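The structure appears right after this line, and notes come after that.
All values derive from a computational prediction rather than experimental measurement.
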Amino acid sequence: MSAESPLPINDLKDRAAWLRRRVFEMVMQHREGHAPSSFSMAEILTLLYYGGVARLRRGEPEWPDRDRILVSKGHAAHALYPILADLDYFDTAELERFTQPGSFLGMYADNRVPGIEGISGSLGHGLGMGAGFALSARMEGRGYRTFVILGDGECYEGSVWESAMFAAHHGLDNLVAIVDRNALCILGRTEELVRLGSLAEKWQSFGWAVQEVDGHDLAALGDALARIGRTDGRPLAIVANTVKGKGVSFMEGRAEWHNRMPSPEQEAQARRELGCLEGAGND
């Protein structure tokens, strides 16, 4: 059971644009956060939550049979906040208090936030948590699936590959890893820092079923996610090729915008490109 009926593809595109606007407004409210890292996975989150993929219940973040979604690239996990508020997990007014004293909405998400399944500020741990959730579901005879979104720079971490081996060994076909392959991390381009090469081939060599797609193509993402449970007993890895900063021209594909805040002129340009309403606020 989804939180609501799946949206058609054009509405999903609008919803991804909405998410980028809401994240930008939230980040600019107090000039805290990582908007470009959030923008690259907007379509991924949109499809999971609004495309009928993840089984969730509106207003019930603790529903026992919910699918588990972990954003392992923890610096961007705050991209979930507008979605979770929209699903009535908490009051949307809380978004305006993001990172402020007394708010439970920190820059790095944790379990105080209804709908957040685990702490992921330290990179490399989300897949291990996800594998644990998946194995627990298997052992308890439960039908929920687990989705883990990783950054490609996060794939430098050895713990990712330890967890990948574990998941393949146990045949966790109720586990999906989605790699946000924007080819950038905080220090620069991944292939210039420590070359990752073909991530699809790497995941396949660890015993996973793999599909590589355009991470901003909702139809292609949907086709890839439709393979869940149809992978001959293997966990599924989706390598989603994306653009960091997608939607704001001067941020796109630029490592220096990882956590930089725009000037007033740049902020105005970003608002125009994202289609934000004049001034801050909800849309």
Side-chain angles (χ1 to χ4, degrees), residues 13 15-47 71-82 98-99 106-109 120-124 126 149-157 160 178-200 212-218 220-221 238-276 280:
K13 291 177 181 177
R15 181 58 38 164
W18 164 86
L19 179 58
R20 288 190 175 94
R21 290 194 297 271
R22 294 299 286 120
V23 167
F24 187 76
E25 297 287 11
M26 188 178 72
V27 167
M28 294 309 301
Q29 183 84 14
H30 302 288
R31 301 182 70 82
E32 298 271 5
H34 299 78
S37 298
S38 301
F39 290 172
S40 64
M41 63 178 184
E43 282 79 13
I44 296 168
L45 293 180
T46 296
L47 194 62
V71 177
S72 188
K73 45 178 282 187
H75 54 284
H78 56 67
L80 289 173
Y81 295 166
F98 170 60
T99 72
M107 188 184 306
Y108 296 91
S120 56
S122 181
L123 296 177
I149 302 170
L150 303 99
D152 50 359
E154 182 180 9
C155 292
Y156 289 151
E157 301 288 344
V160 169
I178 307 171
V179 182
D180 182 2
R181 181 65 159 129
N182 60 39
L184 292 173
C185 57
I186 190 170
L187 295 177
R189 301 196 66 79
T190 57
E191 300 313 285
E192 295 172 359
L193 295 167
V194 177
R195 186 173 60 254
L196 289 166
S198 172
L199 281 177
E212 188 166 6
V213 298
D214 178 345
H216 301 301
D217 185 329
L218 286 157
L221 280 168
I238 298 172
V239 179
N241 294 306
T242 62
V243 176
K244 191 167 184 174
K246 178 73 171 178
V248 178
S249 59
F250 60 84
M251 293 183 182
E252 290 186 352
R254 302 288 295 273
E256 63 267 28
W257 282 100
H258 181 83
N259 57 355
R260 179 187 292 183
M261 290 295 148
S263 68
E265 294 78 16
Q266 290 169 326
E267 180 182 349
Q269 179 182 343
R271 289 183 182 280
R272 289 192 299 271
E273 293 182 5
L274 293 169
C276 295

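- In this view, Tyr108 satisfies the ring-ring contact (aromatic ring centres under 6.0 Å, His included) rule with no residue, not counting sequence neighbours.
- Judged as a ring-ring contact (aromatic ring centres under 6.0 Å, His included), and not counting sequence neighbours, the contacts of His75 are His34, His258.
- Between Trp18 and Thr46 there is no side-chain heavy-atom pair separated by less than 4.5 Å.
- A salt bridge links Arg271 with Glu267: the closest approach of a Lys/Arg side-chain nitrogen to an acidic carboxylate oxygen falls below 4.0 angstrom.
- Scanning for ring-ring contact (aromatic ring centres under 6.0 Å, His included) contacts around His78 gives Phe98, with sequence neighbours left out.
- A heavy-atom distance below 4.5 Å is found between the side chains of Ser249 and Gln269.
- Under a 4.0 Å N-O distance rule, the pair Glu43/Lys13 does not qualify as a salt bridge.
- Here the side chain of Arg181 pairs no donor or acceptor atom with the backbone of Asp152 at under 3.5 angstrom.
- Applying the salt bridge (charged side-chain N to carboxylate O under 4.0 Å, His left out) rule to Lys244 yields no partners; only residues at least two apart in sequence or on another chain are considered.
- Contact check on Glu256 versus Arg254 returns a salt bridge, with a Lys/Arg side-chain nitrogen under 4.0 Å from an Asp/Glu carboxylate oxygen.
- Asn182 is linked by a side-chain hydrogen bond (donor to acceptor under 3.5 Å, both in side chains) to Ser40, counting only residues two or more places apart in sequence or in another chain.
- Ala255 pairs by the side-chain contact (heavy atoms from CB on, under 4.5 Å) definition with Leu184, not counting sequence neighbours.
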